[in-house]
Number of protein chains: 2
Amino acid sequence: MQTDVACSRLRELILDGVYPPGARLTEMEAAATLEMSRTPVREALRMLAADGLVRPAGRGVVVVALEEADLNEAYQVRAALEALTAELAAARQREGRIAPADLRTLHDVATRTATATAEGRLADAVRLNRRFHRTIAELAGNTMALQALERIWDQIQVSTLHSLMPPSRPAHVSGQHDELLAVITDGRHEAAAAIARAHVLDTRSTAHKEEHR
Amino acid sequence: MQTDVACSRLRELILDGVYPPGARLTEMEAAATLEMSRTPVREALRMLAADGLVRPAGRGVVVVALEEADLNEAYQVRAALEALTAELAAARQREGRIAPADLRTLHDVATRTATATAEGRLADAVRLNRRFHRTIAELAGNTMALQALERIWDQIQVSTLHSLMPPSRPAHVSGQHDELLAVITDGRHEAAAAIARAHVLDTRSTAHKEEHR
DNA sequence: AGGTCGAGCTTTGCATGCAATGTATGCAAG
DNA sequence: CTTGCATACATTGCATGCAAAGCTCGACCT
């Protein structure tokens, strides 16, 4: 149905930065762009608003623009949730409830992320990095946590896309990914939680510092 | 605007169990009940769906009915998030960034929760209990976390409302609340995180056991 | 020249109409 | 008696129309 089409296309446009944070967006304009009537666009905008990607602002909606403080909050939530998913994934691994193929996939994604980062393919790196974290969340087998994380990731992505820059220490990031991968593979759930949390918070503070130079 | 009216009224009806989990709900019927046209109702239903309170199911929507497994997942997420909010609240308290009046409010809510529970006023107890946890989340000063928690709480409430029964050990619950209150008041953030997490998970396993007798 | 009030246009919110789709029911055949 | 099919109906999805609410811009007054 057209509503879903509108929703996913608008989401893409926003996540790709075509509509940057703070951009105003009227339903008529969006309807014209997507070549459909206002009704499905309207519903799509409401869904995106519920997902926190846009915010009603007087006339029409604006793409969310998280301030630094909001980003800090978002990262705290993300850290808490990713600590959970990493812990659960490790616990499932310990109980032998994770298929070796899935684990290999995760390993593969980690490798490709590191390669893309090292080669400076920034867009790919971002996408793969997110995929790495999402794969872990999927291995955790907790749908609620995955959904909550998708929302947070979306919001963070929108508000940081404009200031993308290569990580200062690429090896550092992939080192952390490898560590995480290792403890999950070993089923050490407590360590997984701690490392995941630290990794997320480290990402934030590094990006944050970069920002202010 | 009518959309928001529809949204909050429907949310209330669902959270109060008027539309129990699994209930089918057509937009025409809801429109008739709320005495407005289908359009705002339609949008309201989509918002509720985005919040995870209803789920599109063929024709119309059904109120979510979390299975036991889903509830376990929900409680894991809730525990992770409440550990975060408790930790943040305690940290803010330590830094003297929480107004004494707010802390007294929290104390007051805890007391009233205990009273309502002890006196068997079940509906009040549930409402106050949720308020207690929400107040802590508010003290944490993290909007994202609060929003994520509201969603989880809503979903849990819907699916557990039908099986409400007095806690087996009322003193046990209010004891945990008091502990949490104490460590937050003392600004011991690590302890706050641990106690909050344990309390949430304890709530789950107790309710879960009750369920199966 | 600057501020304030007003008119017009843009845009939204809601209702309703129409077409399409999925479902249930009843009937007939095996 | 059960199963399969066809028909009719309930219900949704989308478009469009209409009224109300804001903004913008301009003109007039101070």
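So you know, we letter chains A, B, ... as the sequences are listed, proteins then strands, and number each from 1. Because the structure is a prediction, the values reported are computed rather than measured.
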Problem set entry | Rounded distance in Å - CG (B/Leu25) to C1' (D/dA10) | 16 Å
Exercise. Would you say B/Arg42 reaches D/dG13's phosphate, i.e. side-chain N/O to OP1/OP2 under 4.0 Å?
Worked result: yes
For this session: From the options D/dC23, C/dA15, D/dA15, select the nucleotide whose nearest atom is closest to the side chain of A/Arg59.
Result: D/dC23
Exercise. Rounded to whole angstroms, how far apart are CE on A/Met47 and C1' on D/dG13?
Worked result: 12 Å
Exercise. B/Leu34 has an atom CG; how far is it from atom C1' of C/dA15, in whole Å?
Worked result: 15 Å
Exercise. Out of C/dG13, D/dT11, C/dA15, which has the shortest distance to the side chain of A/Arg38?
Worked result: C/dG13
Exercise. According to a strict under-4.0 Å criterion, is A/Thr26 in side-chain N/O contact with OP1 or OP2 of C/dT10?
Worked result: no
Exercise. Is A/Asp154 paired with A/Arg151 through a side-chain N to carboxylate O contact shorter than 4.0 Å?
Worked result: no
Exercise. Would you say D/dG13 has OP1 or OP2 under 4.0 Å from some side-chain N or O of A/Thr3?
Worked result: no
Exercise. Tell me: CE of A/Met1 to P of D/dA15, nearest whole Å?
Worked result: 13 Å
For this session: Would you kindly give the CG-to-P distance between B/Asp4 and C/dT12, to the nearest whole Å?
Result: 16 Å
Exercise. Taking OP1 and OP2 of C/dA15, is either one under 4.0 Å from a side-chain nitrogen or oxygen of B/Ser37?
Worked result: yes
Problem set entry | For A/Ala116 against A/Leu128, the heavy-atom pair lying closest together | CB-CD1, 4.0 Å
Exercise. Would A/Asp108 and A/Arg112 pass as an ion pair if we require N to O under 4.0 Å?
Worked result: yes
Exercise. Quick one: does B/Val158's side chain get under 4.5 Å of B/Leu15's, heavy atoms only?
Worked result: yes
Exercise. Roughly, in whole Å, what's the span from CZ in A/Arg24 to P in C/dT10?
Worked result: 17 Å
Exercise. What integer distance in Å separates B/Glu35:CD from C/dA15:P?
Worked result: 12 Å
Exercise. Can the ring centres of A/His107 and A/His177 be said to be less than 6.0 Å apart?
Worked result: no
For this session: Report the distance from atom CE of B/Met28 to atom C1' of C/dT16, rounded to the nearest whole Å.
Result: 11 Å
For this session: Could you check whether B/Gly58 gets within reach of a base, just the sugar-phosphate, or nothing at all, counting any heavy atom under 4.0 Å?
Result: nothing
